[in-house]
Number of protein chains: 2
Amino acid sequence: MNKVKPREANNPTAVDVTDLILHDIQTGVLAPGSWLKQIDLEQRYQCTRPEVRRALDRLAQRRLVEHVPNRGYHVYEPDGRQASEVSEIRILLEAGVADKIAANASEPDVEALRDLASRFDALILEGTPIELYEANLAFHHRLLSLCGNTELVNLVTEIRQRTSSAPVSQWKTRARIEQSSREHHQMIDAVAAGDGATLKEAIARHIRQD
Amino acid sequence: MNKVKPREANNPTAVDVTDLILHDIQTGVLAPGSWLKQIDLEQRYQCTRPEVRRALDRLAQRRLVEHVPNRGYHVYEPDGRQASEVSEIRILLEAGVADKIAANASEPDVEALRDLASRFDALILEGTPIELYEANLAFHHRLLSLCGNTELVNLVTEIRQRTSSAPVSQWKTRARIEQSSREHHQMIDAVAAGDGATLKEAIARHIRQD
DNA sequence: TTATCATAAATTGGCGCCAATTTTGGATAT
DNA sequence: ATATCCAAAATTGGCGCCAATTTATGATAA
């Protein structure tokens, strides 16, 4: 069984190029509306042409970029109507499982949520907008996971990406961020109290003003 | 070096190969679990290798097929847990906009729904399972469209594809199909009466036993 | 100076080849 | 007869070339 495979040092590409581009879109490095030239991406991410093309096709499927035949791909610009429609969807889903979340949450779960909320709070002062954005994402992901429906969690994660093209610029004011922080703690309190109805209201309010 | 470009009669491919494969998966022609060899698809749909690969990658993104590196792609086998989780999602979304549907529906809308429901009824006796399946889809699509949230309609359409891999075999008994028919009419009556609460109940029941 | 058009440069996107890996089939030894 | 192993065939998947189309450039005429 001595299949001597040289196994060269050639596997630093554990992550897909798609994720790299996705990340740069979400952090605003690749601005909404800008054209994504294949040559640029090829050099920027040190990958081959087919890889770039596959990534762009995947992102187009997820509607994070738009494809114009013979013209190329450009980052989707956030659409007002679309954004509010997605918000409505998120409210239906995330608020819809509020009672499940309140029912399933154990003591350590609540602790974990408090930690994540605290991390968000700390980053308000000392973190970059990107770190803040990701901390917020982590909190909501953890909270939603308690509903027990993994398909739903994945779906929300997916449609969330679909609109927050330039998430960094989304939270304009400091006041708004601190309001978000307060709401996080309200949600946690409702979870700790096992109060599904209150949690549902808190989630709905939180999503509406995001 | 004379590259003779015959320009054969080769342009009936206005539709993407992805949709063709998708259709064949949904109608059960390509059975769940079966391996999709690239050569076979290439010949079956009269297209090139790269086209097949792109289509398979897209379907893998939508999780209609699964990709095993160096082994190929095979049709996803329906998973019990996953199916019930998707049902729950559909209930949250479709029942969640019941009041919107009831509020927005005009007289001609109701008429159109009655026509679609009737077409479904007619196909119970004279149609193929596939036709029945598509008539059912058309009815639900039309009904849901009344909510006014196009993002939500698209999303439901998408996640619906995700689980009903072998939709034909899904409605086992005649009794169940006729039950579905009755529920369709119940929903329409609720819409016509502008009764959102009753509609919500009817939709939830209908999805649960699908 | 400004508009129009032709030519050149750049970009996209289709297609096929070939290496890497896996599967199949059969021969050999126990 | 059965298991093991090796070789051949089949399949996947990465990569690059080149044609088609679009965009940029510059020259010419009004």
Side-chain angles (χ1 to χ4, degrees), chain A residues 1-22 24-25 30-31 33-76, chain B residues 1-22 24-25 30-31 33-76:
Chain A
M1 62 176 74
N2 39 11
K3 301 266 183 76
V4 182
K5 280 288 155 186
R7 186 58 68 195
E8 307 165 6
N10 59 353
N11 211 8
T13 319
V15 293
D16 193 351
V17 197
T18 312
D19 298 325
L20 296 176
I21 301 178
L22 172 62
D24 282 347
I25 289 177
L30 300 173
S34 64
W35 288 92
L36 303 176
K37 293 197 210 302
Q38 298 182 6
I39 296 183
D40 295 344
L41 302 176
E42 193 174 346
Q43 299 179 113
R44 187 177 218 288
Y45 303 104
Q46 288 296 318
C47 60
T48 66
R49 181 64 63 94
E51 281 179 293
V52 169
R53 240 185 312 167
R54 187 157 53 98
L56 288 174
D57 186 67
R58 286 180 177 178
L59 294 172
Q61 295 294 309
R62 296 201 223 168
R63 294 196 307 186
L64 274 145
V65 302
E66 186 173 19
H67 175 57
V68 183
N70 291 324
R71 292 280 310 274
Y73 299 80
H74 64 85
V75 182
Y76 241 127
Chain B
M1 224 18 104
N2 39 11
K3 306 269 180 71
V4 182
K5 274 285 163 183
R7 182 56 69 192
E8 305 165 5
N10 59 354
N11 211 5
T13 318
V15 292
D16 195 351
V17 197
T18 312
D19 297 324
L20 296 176
I21 301 178
L22 172 62
D24 282 348
I25 290 176
L30 299 173
S34 63
W35 288 91
L36 302 176
K37 293 197 211 302
Q38 298 181 4
I39 297 184
D40 295 343
L41 301 176
E42 193 173 349
Q43 299 180 112
R44 185 177 220 287
Y45 303 104
Q46 288 296 317
C47 59
T48 66
R49 180 64 64 93
E51 281 179 293
V52 168
R53 279 234 287 263
R54 187 156 55 99
L56 287 174
D57 185 67
R58 287 179 175 178
L59 294 172
Q61 294 295 309
R62 298 201 222 166
R63 293 197 305 185
L64 275 147
V65 303
E66 186 172 19
H67 175 57
V68 183
N70 291 323
R71 292 277 312 273
Y73 299 80
H74 64 84
V75 183
Y76 242 130

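The model shown is predicted, which means the values in this text are computed figures rather than measured ones. So you know, we letter chains A, B, ... as the sequences are listed, proteins then strands, and number each from 1.
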Partner set under salt bridge (charged side-chain N to carboxylate O under 4.0 Å, His left out) for R71(B), not counting sequence neighbours: none
Nearest-Å distance for atom pair CG/P, residues L36(A) and dT11(C): 14 Å
When rounded to whole Å, the CZ to C1' distance for the pair R71(B) and dA10(D) reads 14 Å
Roughly how many Å is it from CD in E42(B) to C1' in dG14(C), rounded to a whole number? 14 Å
H74(A) NE2 to dT11(C) C1', straight-line distance once rounded to whole Å: 16 Å
Between W35(B) (CH2) and dT12(D) (C1'), how many Å, whole number? 11 Å
When rounded to whole Å, the CD to C1' distance for the pair Q38(B) and dA10(D) reads 12 Å
Please give, in whole Å, the distance from dT12(D) P to H67(B) NE2? 10 Å
Looking at the side chain of K37(B), which of dT11(D), dG13(D), dT21(D) is the nearest nucleotide? dT11(D)
Taking side-chain hydrogen bond (donor to acceptor under 3.5 Å, both in side chains) as the definition, give me every residue that meets it alongside T48(B), ordered by chain and number, with sequence neighbours left out. E51(B)
Residue pairs passing the salt bridge (Lys or Arg N to Asp or Glu O under 4.0 Å) test with at least one member in residues 56-70 of chain A, sequence neighbours excluded, are D16(A)-R58(A), D57(A)-R58(B), R58(A)-D57(B), R63(A)-E151(B)
With sequence neighbours excluded, give me every ring-ring contact (aromatic ring centres under 6.0 Å, His included) pair touching residues 38-69 of chain A. H67(A)-Y73(A)
Sort me out a list of protein N/O and nucleotides 15-17 of chain D N/O pairs below 3.5 Å, or just none if empty.
{"from": "dC15(D)", "atom 1": "OP2", "to": "T48(A)", "atom 2": "OG1", "distance (Å)": "3.4"}

For L41(B) and L56(B), what are the C-alpha separation, side-chain angles and deciding distance, and is it a side-chain contact (heavy atoms from CB on, under 4.5 Å)? CA-CA 10 Å; L41(B) 301 176; L56(B) 287 174; 3.9 Å; yes
Nearest-angstrom distance from the residue atom CZ of R54(B) to P of dG13(C): 9 Å
Enumerate the residue pairs fulfilling salt bridge (Lys or Arg N to Asp or Glu O under 4.0 Å) with a member in residues 34-43 of chain B, sequence neighbours excluded, ordered by first and then second residue. E42(B)-R49(B)
